[in-house]
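Report on the structure given below.
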Amino acid sequence: MKKNIFLLVVVAAFPLAMQAADNLFYVSFASRVLIYAIAATSLNLALGYGGMISFGHAAFFGTGAYVASICIAEGVTSAWIGWPAAIAASAAAAWAIGAVSLRTRGVYFIMITLAFAQMMFYLVNSMKAYGGDEGLTLPQRASNLGNEVAFYYVVLVILSATIFLLYRLVNSRFGRVIVAIRENEARAVAVGYPVFRYQLACFVIAGAAAGLAGALLASHGKYVNPNVLHWSQSGTLMIMVILGGVGRLWGGAIGAAVLLGLEHLIAEHPIAWLAALLPNYQQHANLGVGAVLLAIVLFAPQGIAGLLAKEKHAAA
């Protein structure tokens, strides 16, 4: 408990310290990390707790980003309208995709979610009225949240609420049924649970949360482009979950912080000997990230959150 309170104090005080040091870049960077933490946490619900390996999560992330952006572009700048619209649109997309995809299993489920995401990517790519492949630049953030510190706190509150609601959800009857289906679907069917409806509900909730993260990302950068729906974005979110810990409450948040932090650290602060070995070091920054991911998979298969939990139990 004391560690959690200390962490909360540090996270809450961080933007104020950066503002005092006149270094708002890291406040903006931290906001981006928190937004991706929300997106990764939403995927962790479907993947970690629901056992649904979806390569189409970027479809919901991107839907939320584009719906919120279109609202701002059309003059509807209130976050109280744009963000709920993004959540509703992403939930509707998740319901439509899930209703078809969840009738398949295994690699077929992976491929069909990937196919739907790519269909939506090309659809947005063809929307010339909203920038097409060049993307859409926004005149402002939702509700004029132009102040970096204020925006940071808004995102922090939303992430905290997301993790709290995930905790309540997975410890509810619904969450226990979802985990039971993940562990043994045939037994859940035999007991009498409507497996399809439970999985679809889980898939829709995860998609809705991803849509909110997408809306926040669009406001953060005041720009959105079709790449936010690309399958590689789904891969990035999946890497975050694997790094942090699949099926761990804090897995998505930890994975987002580690992955984005590593990318920034390696790209902006090159290691001297590696830079000498690879002249175009910055272009190959993901090699370092890949090495860390490989190490996590080999030596901490339950992710960083699982490793920390193991050390805590050992110490106890």
Side-chain angles (χ1 to χ4, degrees), residues 32 35-47 50 52 54-74 76-102 109-110 112-138 141-142 155 158 162 200-238 240-241 252:
R32 183 167 176 263
I35 291 167
Y36 270 95
I38 296 170
T41 298
S42 71
L43 177 60
N44 201 15
L45 172 60
L47 172 64
M52 293 171 276
S54 170
F55 254 100
H57 210 66
F60 319 130
F61 189 49
T63 296
Y66 262 91
V67 169
S69 297
I70 290 171
C71 286
I72 295 173
E74 295 296 338
V76 182
T77 59
S78 172
W80 296 105
I81 298 175
W83 293 355
I87 293 171
S90 296
W95 179 84
I97 292 173
V100 176
S101 304
L102 287 169
F109 177 79
I110 296 171
I112 199 168
T113 54
L114 172 62
F116 273 117
Q118 287 302 97
M119 285 169 59
M120 294 184 69
F121 166 77
Y122 287 114
L123 174 64
V124 170
N125 210 47
S126 65
M127 293 168 55
K128 301 302 180 185
Y130 296 107
D133 59 353
E134 294 182 359
L136 178 63
T137 301
L138 306 179
R141 286 178 175 170
V155 179
I158 292 174
T162 301
L200 183 59
C202 180
F203 199 71
V204 170
I205 293 169
L212 176 57
L216 292 169
L217 184 68
S219 277
H220 175 254
K222 292 189 287 187
Y223 173 77
V224 64
N225 67 48
N227 287 336
V228 76
L229 293 103
H230 197 262
W231 70 267
S232 59
Q233 187 73 259
S234 298
T236 298
L237 294 176
M238 193 168 290
M240 289 176 179
V241 174

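Any value given below was found using the heavy atoms of this structure, including those in side chains, with hydrogens, waters and symmetry copies removed.
Atom OG of Ser234 and atom CD1 of Ile110 lie 12.0 Å apart (nearest 0.5 Å). In this structure, CG in Leu229 is found 12.5 Å from CE in Met119, a value given to the nearest 0.5 Å. In this structure, CG in Asn125 is found 9.0 Å from CG in Asn225, a value given to the nearest 0.5 Å. Here Phe55 contributes atom CZ and Ser101 contributes atom OG; the two are 14.0 Å apart, rounded to the nearest 0.5 Å. Expressed to the nearest 0.5 Å, how far CE of Met238 lies from CG of Leu43 amounts to 5.5 Å. Going from atom CG of Leu212 over to atom CZ of Phe61 covers 10.5 Å, rounded to the nearest 0.5 Å.
Residues Leu217 and Tyr36 have side chains in contact (heavy-atom distance under 4.5 Å, counting atoms from C-beta outward). The closest side-chain heavy-atom distance from Trp83 to Ile158 is below 4.5 Å. The closest side-chain heavy-atom distance from His57 to Val241 is not below 4.5 Å. No side-chain heavy atom of Lys222 sits less than 4.5 Å from a side-chain heavy atom of Ile72.
Judged by distance alone, the side chain of Ser219 and the main-chain N or O of Ala142 form a donor-acceptor pair under 3.5 Å.
The two atoms that bring Ala218 and Ala65 nearest to each other are CB-O, 3.6 Å, heavy atoms only. Taking every heavy atom of both residues into account, Tyr66 and Val124 meet most closely at CZ-CG1, 3.1 Å. Considering all non-hydrogen atoms of both residues, Arg141 and His220 come closest at NH2-O, 3.0 Å. In terms of heavy atoms, Ala59 sits closest to Ile97 at CB-CD1, 4.4 Å. In terms of heavy atoms, Val228 sits closest to Gly62 at CG1-CA, 3.5 Å. Residues Val224 and Ser69 come closest through the heavy atom pair CG1-OG, 3.3 Å.
The side chain to side chain contact (heavy atoms under 4.5 Å, CB included) test with Ser54 singles out one residue from Thr113, Leu114, Ile112, Leu237, and that residue is Thr113.
Centroid-to-centroid, the aromatic rings of Phe60 and Phe116 stay 6.0 Å apart or farther.
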